[in-house]
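To keep things clear, I will list the structure first and then write my remarks on it.
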Amino acid sequence: MNENVKRINADWWDARYRDGTTPWDRGTVAPEIIEFAREHPGKGAWAIDIGCGTGTHGRELARNGYRVAAIDLSLVAIQKARDAARREGLPWVGVQGSVTHLDLFRVKLAAALDVGCFHGLDGEDREAYAAALDRRLAVGGYYLLYAAHPRPAGEEDGPPGVEPDAIMALFSARFHLLERQPGFHGQRGSDWWIWRKEE
Ligand SMILES: C[S@@+](CC[C@H](N)C(=O)[O-])C[C@H]1O[C@@H](n2cnc3c(N)ncnc32)[C@H](O)[C@@H]1O
C-alpha cells in the first residue's frame, strides 16, 4: 500500500494509535489554539475537532466553554480521546467516521478545528469536506486549520500535504481569511490558517 492509500484506511490509523507510532501526538496543545480559545471562549456553543486523534487540541476548546464534537477515522483514537475528556469532566462527544461526512453533526458550529487531517485528503474529499463545513459553520463562526505543504518528491513518509494556493481557492470562496501564519512541518513549510464565516 502506498502512503496515500494507507491514509484512507481506518485499520492503518488504528494500528498506529495502538502501537504508538504517532509522532504528532505529543500531548501539548498548539499555542495558536490556546490563544484562540482565550480570545473566543465558547460560552456553551458547539465546536468540532476534525480528525481529532486523541483529542489534545479539541479539549482545550472544551476547557474554554465549548461543547466539542469530534470525528476521526480511527476508533482507537476516538476511545483514547473520550477517556481523556471523561477524566477531565469535559463536554465532549466523538464519533468514528470520515471527515467527508461532516453533515453527520446536525448542530451549528461556532468553531471548527483541523490540526493535520485536511492535508491528508485527496481533491474530491477536500471538496466534500469544505462544502459540508460551510453548511455546518454558523455565521460568525471560526475555522482553524493547520496544514503542511506538499511532500517533497522522493520523500515517502508523512502526509501528502496541500498547496497553500489550493487552500486559498477552496476556502476563500466560502470564508474570510483573518490570519495566515507560516511555519515548518519538518523540512517543509506549513501554515496555520484562521478563517471566519461572514454573512
Ligand atoms: C496527523 S493526525 C492528527 C490528529 C490530531 N488532530 C492531532 O493533532 O493530534 C491525523 C488524524 O486524522 C485522522 N483522519 C485521516 N483521514 C481521515 C478521514 N478521512 N476522516 C476522519 N479522520 C481522518 C487520522 O485517523 C488521524 O487521527
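The shown structure was predicted, so the numbers you read here are calculated from the model rather than taken from an experiment. Remember, it's 1-based here, ligands and their atoms both numbered in the order they're listed.
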To the nearest 0.1 Å, how far is [atom] from its closest protein heavy atom, and which atom is that?
atom: atom 20 (N) of ligand 1; value: V99 N, 2.9 Å
atom: atom 19 (N) of ligand 1; value: S98 OG, 3.5 Å
atom: atom 25 (O) of ligand 1; value: D72 OD1, 2.5 Å
atom: atom 14 (N) of ligand 1; value: C117 SG, 3.7 Å
atom: atom 10 (C) of ligand 1; value: G116 O, 3.5 Å
atom: atom 18 (C) of ligand 1; value: L73 CG, 3.5 Å
atom: atom 3 (C) of ligand 1; value: V115 O, 3.4 Å
atom: atom 9 (O) of ligand 1; value: W24 CD1, 3.4 Å

### Query
Does H57 have any ring pair (Phe, Tyr, Trp, His ring centres under 6.0 Å) partners at least two apart in sequence or in another chain, and if so, which?
none
### Task
Could you tell me whether R126 and E124 make a salt bridge, using a distance below 4.0 angstrom between a side-chain N and a carboxylate O?
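Between E124 and R126 there is no salt bridge, as every charged N stays at least 4.0 Å from the carboxylate O atoms.
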Can [X] be said to touch ligand 1, with heavy atoms closer than 4.0 Å?
X: C52; result: yes
X: I71; result: no
X: Y17; result: yes
X: A10; result: no
X: T100; result: no

### Query
Do H149 and H119 have their ring centres less than 6.0 Å from each other?
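So the answer is no for these two rings.
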### Message
Quick check on the 6.0 Å ring-centre criterion: do F118 and Y143 meet it?
### Response
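So the answer is no for these two rings.
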### Message
I'd like to know if the side chain of Q96 reaches the main chain of L73, judged simply by a donor and an acceptor atom lying under 3.5 Å from each other, with no hydrogens or angles considered.
### Response
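The answer is yes, because a donor-acceptor pair under 3.5 Å joins these two groups.
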#### Entry: Main-chain N/O of T22 paired with R16 side-chain donor or acceptor, under 3.5 Å
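Answer holds: no.
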[Y] side chain reached by [X] side chain, heavy atoms, under 4.5 Å:
X: E88; Y: R86; result: no
X: L133; Y: F175; result: yes
X: L137; Y: W195; result: no

Within the 4.0 Å heavy-atom shell around [X], which atoms of ligand 1 are there?
X: L121; value: 19 (N)
X: G53; value: 4 (C), 5 (C), 27 (O)
X: G97; value: 20 (N), 21 (C)
X: H57; value: 7 (C), 8 (O)

### Query
Side chains of D72 and S74: donor-acceptor distance under 3.5 Å anywhere?
no
### Option nearest atom 4 (C) of ligand 1 (shortest heavy-atom distance, choices P23, G51, P159)
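Closest candidate by heavy-atom distance is G51.
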### Message
Tell me every residue that passes side-chain hydrogen bond (donor to acceptor under 3.5 Å, both in side chains) with R82, counting only those two or more places apart in sequence or in another chain.
### Response
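None.
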### Query
Looking only at heavy atoms, is any part of I8 under 4.0 Å from ligand 1, and if so is it the side chain, the backbone, or both, or is it neither?
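Under 4.0 Å from ligand 1, I8 contributes no heavy atoms.
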#### Entry: Residues W13, W24; criterion ring pair (Phe, Tyr, Trp, His ring centres under 6.0 Å); working and verdict
CA-CA 13 Å; W13 289 104; W24 60 86; 5.7 Å; yes
